[in-house]
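Down below is the structure, laid out as structure tokens.
Note: hydrogens, waters and symmetry copies are ignored here, and every other heavy atom, side chains too, is used. Just so it is clear: chains get the letters A, B, ... in the order the sequence lines come, proteins before strands, and each one is counted from 1.
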2 protein chains.
Amino acid sequence: MKQTKYQQIYNELSSSIQDGTYKPNSKLPSEHELADAFGTSRETIRKALNLLSQNGLIQKIKARGSVVLDLNRYEFPVSGLVSFKELSEKMNRSSRTIVHQLEKKIPCKWVREQLDLSDDSLVWHVVRAREIDGERIILDRDYFPVDYVPELTKSICENSIYDYLENDMGLTVSYAKKEIVVEEADEDDLLYLDLNEYKHVVVVRNYVYLNDTTLIEYTESRHRLDKFRFVDFARREKQ
Amino acid sequence: MKQTKYQQIYNELSSSIQDGTYKPNSKLPSEHELADAFGTSRETIRKALNLLSQNGLIQKIKARGSVVLDLNRYEFPVSGLVSFKELSEKMNRSSRTIVHQLEKKIPCKWVREQLDLSDDSLVWHVVRAREIDGERIILDRDYFPVDYVPELTKSICENSIYDYLENDMGLTVSYAKKEIVVEEADEDDLLYLDLNEYKHVVVVRNYVYLNDTTLIEYTESRHRLDKFRFVDFARREKQ
DNA sequence: CAGTGGTCTAGACCACGGG
DNA sequence: CCGTGGTCTAGACCACTGC
């Protein structure tokens, strides 16, 4: 994959920050100096610095410079779109995915509305339980329009469906809306999860869009209360 | 407040989208055309379009154009930093804030660590219950270092502390880390909230930073399970 | 093929912070 | 005052889309 110049500069600076070449609370060289050092224009340096800022590695302060942030203080921004596989790898836990359902069918009215489909469209319906350290903690219900995802197998579902869509199918996930609420546990939750005494689950509804604005996935992720954690790293935007 | 050119263009385009001048699923004029129309350079137009994209108003598609998104489909992105006051106004509900505690004190060890303070620093400790439609739903516990927020009154707490910090104190909130977990209700929750049968609360921990990277506020917002809702609009970033 | 958005350049002026 | 990051310009080339 061809990288742009500013992405390369971002990667270099990012590495230098993470290996301690630039220490927390110290300042990066100025944009002019970086432009000279990398033999590029200042606007290109600025794009790289904006990426660093968006990812929580530096803080730009007008008329003073770019301060390296202390990564340990914020942990790692697990904000935005994160798949179960990435998450469990990051947490370094033993994990397993159990596929309970995998079928093509005509969805119920509610799912049809969520996916904005016509009456006779087929969807893939996948139900998976996620086990971490021997406990079944998360129940995932996914719906994909068959038009966009013609083939889906058990082994794909046991790994990452994201990976499959992005790498094998060549689809580009562009943005997603997430909604987090708490609801009473339903039949599936009781059946497929180790809920212990808990009567409620945290429900994360995820609407995933491609870069041509079509909705390609609706997912409901149901978490046992005590194991749920969501981290958001928000930068105050202008206006 | 002096606005930049690209912010003005953002505002104009944003209005045109919201009043229907540009219809959902249609395309905006090309960047070259917009540059001519606004009598500016293309890079400036691109900054405005990037803002529109970040705010979920358009979707840029390479080699095709910028598509106007359907606002109703996503509701409004209530993502990122939102204060209780903004929220209740947006939801158009009758709401009230009850201040239970407002004192300067030496914080417990845990809060001192959260705020990264020295042993003898004083903090403001504020406890507020939030009532919506006659039910006490949210318990807010706020901690501010006295060094940064010398004065705080009951009436400020009944309105928005954010407003006070940003407008009256002239502090610029730059970014925030949010953590969402579910915990068992504690004594304060039972005392100050109408919890009904619920034994747990959704806890939103908020760490607020100024643009010089100092941590200026730690807030714990405790919500009754059934009334909690969090919406996140995430755009997949490059690399 | 022409038109699009993505990247990049080499300048420029500005507001602001600190010495 | 000088150096900083923020904004802005008028060009340029590229890869990609759709016709």
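Nucleic acid contact class of Leu49(A) (heavy atoms, under 4.0 Å, all strands): none.
Here the P atom of nucleotide dG6(C) and the CG atom of Asn50(B) are 7 Å apart, to the nearest Å. In this entry the distance linking CD1 of Ile45(A) with C1' of dG6(D) reads 16 Å, nearest Å. Straight-line distance from the NZ atom of Lys47(A) to the C1' atom of dT7(D): 14 Å, rounded to whole Å. Remark: C1' of dT7(D) and NE2 of His32(A) are 12 Å apart, rounded to the nearest angstrom. Going from atom NZ of Lys27(A) over to atom C1' of dG5(D) covers 12 Å, rounded to whole Å. Between Gln3(A) atom CD and dC8(C) atom C1' there is a gap of 16 Å when expressed in whole angstrom units. Rounded to a whole Å, the CD atom of Glu31(B) is 12 Å from the C1' atom of dG3(C). Atom CD in Gln8(A) sits roughly 15 Å away from atom C1' in dG6(C) (whole-Å rounding).
Residues Cys157(B) and Ile161(B) meet the side-chain proximity criterion, which asks for heavy atoms closer than 4.5 Å. Side-chain contact check for Arg128(B) versus Asp142(B): some heavy-atom pair is nearer than 4.5 Å.
Note on Lys5(A): a side-chain N or O is less than 4.0 Å away from OP1 or OP2 of dT9(C). Applying the 4.0 Å criterion to OP1 and OP2 of dT9(D), one finds that Thr40(B) has a side-chain N or O inside that range. For Ser41(A) and dA10(C), the shortest distance from a side-chain N or O to OP1 or OP2 is not below 4.0 Å. Applying the 4.0 Å criterion to OP1 and OP2 of dG6(D), one finds that Arg46(A) has a side-chain N or O inside that range. Contact annotation: Arg42(B) does not reach the phosphate of dG11(D) (side-chain N/O to OP1 or OP2, under 4.0 Å). Between dT4(C) and Ser30(B), a contact under 4.0 Å exists linking OP1 or OP2 to a side-chain N or O.
Salt-bridge formation is detected for the pair Glu31(A)/Lys60(A): a Lys NZ or Arg NE/NH1/NH2 atom is positioned less than 4.0 Å from an Asp or Glu carboxylate oxygen.
If you find the closest nucleotide of DNA chain C to Glu43(B) and to Pro29(B), the one lying nearer the 5' end belongs to Pro29(B). If Thr44(A) and Arg64(A) are placed on DNA chain C by their nearest nucleotide, the residue sitting closer to the 5' end is Thr44(A).
Proximity note for Tyr6(A) (side chain, C-beta onward) versus dG5(C), dC8(C), dT17(D): the nearest is dC8(C). Looking at the side chain of Thr4(A), the nearest of the listed nucleotides dG5(D), dG6(C), dT7(C) is dT7(C). Closest to the Ala63(A) side chain, of the nucleotides dC8(C), dT4(D), dT7(D), is dT4(D). You'll find that the side chain of Lys62(B) is closest to dG6(C), out of dG17(C), dG6(C), dC8(C).
You'll find the ring centres of Trp124(A) and Tyr148(A) outside the 6.0 Å limit. In summary, the aromatic rings of Tyr218(A) and Phe144(A) are positioned with their centroids too far apart to meet the 6.0 Å limit.
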>> Could you walk me through whether Glu217(A) and Thr219(A) satisfy the side chain to side chain donor-acceptor pair (under 3.5 Å) test, starting with their C-alpha distance in whole Å, then the side-chain angles of each, then the deciding distance to 0.1 Å, before giving a yes or no?
In response: CA-CA 6 Å; Glu217(A) 174 186 357; Thr219(A) 296; 2.4 Å; yes
